[in-house]
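Just so it is clear: chains get the letters A, B, ... in the order the sequence lines come, proteins before strands, and each one is counted from 1.
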2 protein chains.
Amino acid sequence: MDDKSISQAVVARLPRYYRYLGDLKDKGVERISSQDLSRMMKVTASQIRQDFNNFGGFGQQGYGYNVAYLYDEIARILGLNEKHNLIVIGAGNLGQALANYMNFERRGFIVRGIFDKNRQLHGKELRGIVIQPVEQMEQFIRENDVDIAVLTIPKEGAVKTAELLVRCGIKAIWNFAHVDLNVPDSIVVENVHLSDSLMKLSYGIANR
Amino acid sequence: MDDKSISQAVVARLPRYYRYLGDLKDKGVERISSQDLSRMMKVTASQIRQDFNNFGGFGQQGYGYNVAYLYDEIARILGLNEKHNLIVIGAGNLGQALANYMNFERRGFIVRGIFDKNRQLHGKELRGIVIQPVEQMEQFIRENDVDIAVLTIPKEGAVKTAELLVRCGIKAIWNFAHVDLNVPDSIVVENVHLSDSLMKLSYGIANR
DNA sequence: AATCTATTGACAATCATTTAACAAAGATGT
DNA sequence: ACATCTTTGTTAAATGATTGTCAATAGATT
């Protein structure tokens, strides 16, 4: 059903569709055609139909797509019906910001623990979650069914930490460290390289 | 010279090249062949050569690429030789984290101001920079030659704020709000949709 | 100095993605 | 109930990106 041959480009567009469909749903819109959606999102209607069809026929000729149904289907495709336990590794500015950000929890991503090697942070609480020493991380992952690790530590330790996480049986790493991790293909890695993003922006300014 | 017809895919790869070349340079490596780099980066040598050739012949047959030279060239292409003044709009967790993050300054991105509408934050200092009311933003942009705005506010206000920024003559927006901005094509927008990224990760777990 | 080796830059071939076109299916209006 | 309109799903065409190939060139070796 969810064929493995879905291209990355398509998957990368799904969250945006999901966002627009959520907005439509909130506005009480019941149905939407690929053409109307294409105007809103500034992509071609053809691409929208092609994208949705990768996962089966969600629409109906002469009618369009049912907003609520399509919204739920995309959630299901994205795996948002599942709950995930996650830990944040690195309680610096970014780590704390992410741990504090409640909205992820609404989508089923629940922060279970925060770890840092800096002793001065140990015991500090964020939303009731205590910052723990990294030494306790391994045991914590195994005991708390942790799927996802959010890696917000400096690049120096990131590769080794990722390897440790793999040994602990983590499924996915959300990597904010400025380095490429070296993990088996079976581990899902989603990189957020903020400095890369800023450089792209810089390129944009230089080459307008 | 820097042809406008460089594809987004190529530009998106440049920061990664830059990162690897920086590491090589730090290690004292003088030259590198596309083949060696291809093994390190796990991309094809052909792609590396093709990518670099978009910007002119940086290499030499039988020798490879000079690391220091190529590093500088990529920096120039990315516009990293230019300094940019930026402001952070929204002093929540993420805004404060970004404003505190020193590493961007090393690349010439200098935080000049932080703005928030929450009165309780006004006057608070981050690295010597005072959080100001958004009402003062417009004047501040004009008086301080601000190029880039980092938008870390909730999505509700983001579109309007972006439009205001355009009227103030901002060149680029680094957008962390979960919404698509509506600005002229001449304005550079680099989106960092963290929730989209997390959904992609979720898809990865669901469809391994 | 001549030969060999490494490696680029350019081009061609392949592969992937996007867009266009249209028949088929269903909704809508009379 | 019929005709008309809308809009999908699908196939084909066009465009774009990646990879493979190889002649040309420069460094390295003898």
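- The 5' end of DNA chain C is approached more closely, in terms of each residue's nearest nucleotide, by Arg13(A) than by the other of Arg13(A) and Arg31(A).
- Between the P atom of dT18(C) and the CE atom of Met41(A) lies a distance of 13 Å, rounded to the nearest Å.
- Residue Gln60(A) places none of its side-chain N or O atoms closer than 4.0 Å to OP1 or OP2 of dT8(D).
- Taking for each of Tyr63(A) and Thr44(A) the nucleotide of DNA chain C with the nearest heavy atom, the 5'-most of the two is the partner of Thr44(A).
- Taking atom CZ of residue Phe58(A) and atom P of nucleotide dT8(D), one finds them 14 Å apart after rounding to whole Å.
- Residue Asn53(B) places no side-chain N or O under 4.0 Å from the OP1 or OP2 atom of dT8(C).
- Aromatic pair Tyr20(A)/Tyr17(A): centroids not less than 6.0 angstrom apart.
- Remark: P of dT19(D) and NZ of Lys42(B) are 15 Å apart, rounded to the nearest angstrom.
- Using a 4.0 Å heavy-atom cutoff across all strands shown, Ser46(B) reaches at least one base atom of the nucleic acid.
- As a whole-Å value, the separation of Asn54(A) CG from dT11(D) P is 13 Å.
- Separating the CZ atom of Arg49(B) from the P atom of dG20(D) is a distance of 11 Å, rounded to the nearest angstrom.
- When the C1' atom of dT11(D) is taken as reference, atom CD of Gln50(A) falls 9 Å away, rounded to whole Å.
- Classification of the Tyr71(A)-Tyr18(A) ring pair by plane angle, with boundaries at 30° and 60°, yields parallel.
- Cation-pi check for Arg31(A) over Tyr65(A) is not met; the charged atom does not lie both under 6.0 angstrom from the ring centroid and within 45 degrees of its normal.
- Shortest non-hydrogen contact noted between Ile148(A) and Ile170(A) is C-CD1, 3.8 Å.
- Note on ring orientation: taking the six-membered ring where Trp is involved, the planes of His84(B) and Phe109(B) are parallel (angle under 30°, cut-offs 30° and 60°).
- Between dT7(C) and Ser34(B), no contact under 4.0 Å exists linking OP1 or OP2 to a side-chain N or O.
- Remark: Ser7(B) is not in phosphate contact with dG16(D), judged by side-chain N or O atoms under 4.0 Å from OP1 or OP2.
- Distance from the side chain of Gln61(A) is smallest for dA25(C) among the nucleotides dA25(C), dG9(C), dT18(D).
- Rounding to whole angstrom units, CG of residue Asp51(B) and P of dT18(D) are separated by 7 Å.
- Side-chain nitrogen and oxygen atoms of Tyr65(A) include none within less than 4.0 Å of the OP1 or OP2 phosphate oxygen of dG26(C).
- Rounded to an integer number of Å, the gap from Gln8(B) CD to dT15(D) C1' is 17 Å.
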